[in-house]
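Here you go, one structure.
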Amino acid sequence: MEQLIKDAWSFAEIQLKNEYSGHDIQHIKRVYRIGESILKKAKCNHLAVKLAIILHDVDDYKVTKIKTDDCIRAREYLNTTNLDNETIEHICYIINNMSFSKKDKKELSYEGMIVQDADRIDALGAVGIARTFQFGGQNNREMYNSFEHFDEKLIKLYDMLNTKEAKEIALPRHEFLMSFYNQFKIEWE
Ligand code: ADP
Ligand code: NI
């Protein structure tokens, strides 16, 4: 593995220690593997995609409890590497603009679309369901309150995916999510 990637992993691992909000290092590892699958045939800057994935949650409000529009920690880290400024800016742009909850959205680069797709795929399927209820439990929410997140976000994600490759990977996870969603409603009512 390229040294740059290895070092970024070490950094992210430290930043996301003791994280139980669904943004732990296991989430990053899953998103990274999904990203690699999407990248297989993609002609683009693979390094930017991989680094953006590794660093995409170290500045998340749920992790840092600091409200900011810029990925301060990721940027600070990238500045210690020998990456050129343009690549650093590109990676930070992706991190700053990929979130579902982000207001005034800006258009993502192709690399950014892949990172966003990979992150969203991890919000689907069995793992996506588990993350949602774990998040709710961590925040002392009632079960039904967590379930509302399906309507707010999860059931919409499949249609919002950017790339064909991501749609292929996501389809069984989306279908599983919908079947859970429908069954939950039946049992609740
Ligand atoms: P993004 O970074 O795209 O804005 P979030 O960080 O808000 O996404 O959410 C990541 C995951 O955390 C969600 O896919 C979900 O599993 C969980 N989560 C976030 N917000 C909620 C919520 N209000 N209720 C339940 N789960 C949530
Ligand atoms: Ni994420």
Side-chain angles (χ1 to χ4, degrees), residues 1-2 4-13 15-16 19 21-63 71 73-75 77-78 83 87-102 105-132 134-135 149-150 152-178:
M1 201 196 296
E2 202 173 328
L4 212 52
I5 306 248
K6 246 190 210 160
D7 293 343
W9 273 118
S10 310
F11 173 75
E13 227 152 309
Q15 298 296 315
L16 300 175
E19 246 314 299
S21 68
H23 302 81
D24 53 296
I25 198 76
Q26 296 302 332
H27 161 63
I28 311 299
K29 287 183 180 168
R30 290 190 305 269
V31 175
Y32 190 84
R33 263 182 247 119
I34 297 164
E36 283 184 315
S37 310
I38 301 174
L39 276 175
K40 262 186 198 135
K41 288 184 221 146
K43 284 198 197 68
C44 68
N45 188 342
H46 286 213
L47 184 64
V49 170
K50 289 176 180 176
L51 288 174
I53 288 178
I54 297 168
L55 298 171
H56 85 271
D57 273 336
V58 302
D59 288 284
D60 194 291
Y61 175 73
K62 295 180 189 85
V63 176
C71 54
R73 293 178 185 184
R75 183 188 295 282
Y77 172 73
L78 289 166
L83 280 167
T87 309
I88 294 177
E89 282 313 314
H90 184 191
I91 294 169
C92 292
Y93 181 88
I94 294 172
I95 296 172
N96 288 338
N97 292 290
M98 61 184 279
S99 171
F100 178 85
S101 39
K102 172 109 167 93
K105 286 191 184 57
K106 296 206 184 80
E107 198 165 321
L108 290 169
S109 60
Y110 183 54
E111 286 81 0
M113 291 180 185
I114 294 176
V115 177
Q116 187 180 60
D117 280 354
D119 192 35
R120 287 180 172 172
I121 289 175
D122 199 50
L124 303 176
V127 166
I129 295 167
R131 284 177 76 204
T132 301
Q134 186 187 23
F135 180 96
H149 195 60
F150 283 70
E152 285 161 16
K153 172 176 167 185
L154 303 183
I155 65 172
K156 298 177 189 163
L157 287 178
Y158 179 75
D159 284 330
M160 293 170 68
L161 292 172
N162 306 292
T163 67
K164 187 173 111 293
E165 290 74 17
K167 287 223 166 199
E168 262 168 43
I169 299 167
L171 188 59
R173 300 184 194 218
H174 174 67
E175 284 170 351
F176 186 83
L177 184 93
M178 292 313 296

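The chain is numbered in sequence order, starting from 1.
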Any chance you could measure Ile94, atom CD1, to Met113, atom CE, to the nearest 0.5 Å?
10.5 Å

Hey, could you give me each pair passing salt bridge (Lys or Arg N to Asp or Glu O under 4.0 Å) that has a residue in residues 30-51? Not counting sequence neighbours.
Arg30-Asp122

Would a distance-only check, ignoring hydrogens and angles, find a side-chain to backbone donor-acceptor pair under 3.5 Å from Asn45 to Glu111?
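Answer holds: no.
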
Rounded to the nearest 0.5 angstrom, the CE-CG distance for Met178 and Leu154 is 10.0 Å

Mind telling me whether His56 and His27 have parallel, tilted or perpendicular rings, with 30° and 60° as the class edges?
perpendicular

Kindly give the heavy-atom pair with the smallest separation between Cys71 and Ile95, and that separation in Å.
CB-CG2, 3.7 Å

Atom pair CG (Asp59) and SG (Cys92), whose distance is rounded to the nearest 0.5 Å:
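Atom-to-atom, Asp59:CG and Cys92:SG are 8.5 Å apart.
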
What closest approach, in Å, do Leu161 and Ala170 show between heavy atoms, and which atom pair accounts for it?
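Leu161 and Ala170 have their closest heavy atoms at CD1-CB, 3.4 Å.
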
List the steps, then state whether side-chain contact (heavy atoms from CB on, under 4.5 Å) holds for Leu171 with Lys167.
CA-CA 6 Å; Leu171 188 59; Lys167 287 223 166 199; over 6 Å; no

side-chain hydrogen bond (donor to acceptor under 3.5 Å, both in side chains) partners for Asp117, two or more places apart:
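Applying side-chain hydrogen bond (donor to acceptor under 3.5 Å, both in side chains) to Asp117 gives Asn162, Thr163.
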
Is there a side-chain contact (heavy atoms from CB on, under 4.5 Å) between Leu177 and Arg173? Walk through the geometry before answering.
CA-CA 6 Å; Leu177 184 93; Arg173 300 184 194 218; over 6 Å; no

Below 4.5 Å, heavy atoms only, C-beta onward: do Thr87 and Leu47 meet side chain to side chain?
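Answer no - side chains too far apart.
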
Can you find a heavy atom in the side chain of Asp57 that is under 4.5 Å from one in the side chain of Val31?
no

Run the numbers on Leu51 and Leu83 for side-chain contact (heavy atoms from CB on, under 4.5 Å), then give the verdict.
CA-CA 11 Å; Leu51 288 174; Leu83 280 167; 3.6 Å; yes

Is the shortest heavy-atom distance from the side chain of Cys44 to the side chain of Ile114 under 4.5 Å?
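Answer yes - side chains close enough.
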
CD1-NZ distance between Ile34 and Lys29, expressed to the nearest 0.5 angstrom
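So the gap between those two atoms works out to 14.5 Å.
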
Heavy-atom pair with the smallest gap, counting every atom of Ala118 and Ile38
N-CD1, 4.0 Å

CZ/Phe176: more than 12 non-hydrogen atoms of other groups inside 6.0 Å:
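At most 12 heavy atoms, drawn from other residues, nucleotides or ligands, come within 6.0 Å of this atom.
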
As an exercise, state the distance from CG of Asp119 to CE of Met98, rounded to the nearest 0.5 Å.
4.0 Å

Please state whether the rings of Phe11 and Tyr77 are parallel, tilted or perpendicular, taking 30° and 60° as the class boundaries.
parallel

Heavy-atom closest pair (Tyr93 atom, Leu108 atom, distance to 0.1 Å) is CE2-CA, 4.3 Å

Heavy atoms, side chains only, cut-off 4.5 Å: are Thr132 and Lys153 in contact?
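No, too far: nothing below the 4.5 Å cut-off.
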
Applying the side-chain contact (heavy atoms from CB on, under 4.5 Å) criterion to Val63, which one of Asp24, Leu16, Val58 satisfies it?
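The single option meeting the side-chain contact (heavy atoms from CB on, under 4.5 Å) with Val63 is Leu16.
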
Would you say Phe100 and Met160 make side-chain contact, with heavy atoms under 4.5 Å?
yes

How many angstroms lie between CD in Gln15 and CD1 in Ile28, if you round to the nearest 0.5 Å?
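It is 11.5 Å, given to the nearest 0.5 Å.
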
Is there a side-chain contact (heavy atoms from CB on, under 4.5 Å) between Val115 and Ile53 once you walk through the steps?
CA-CA 6 Å; Val115 177; Ile53 288 178; 3.8 Å; yes

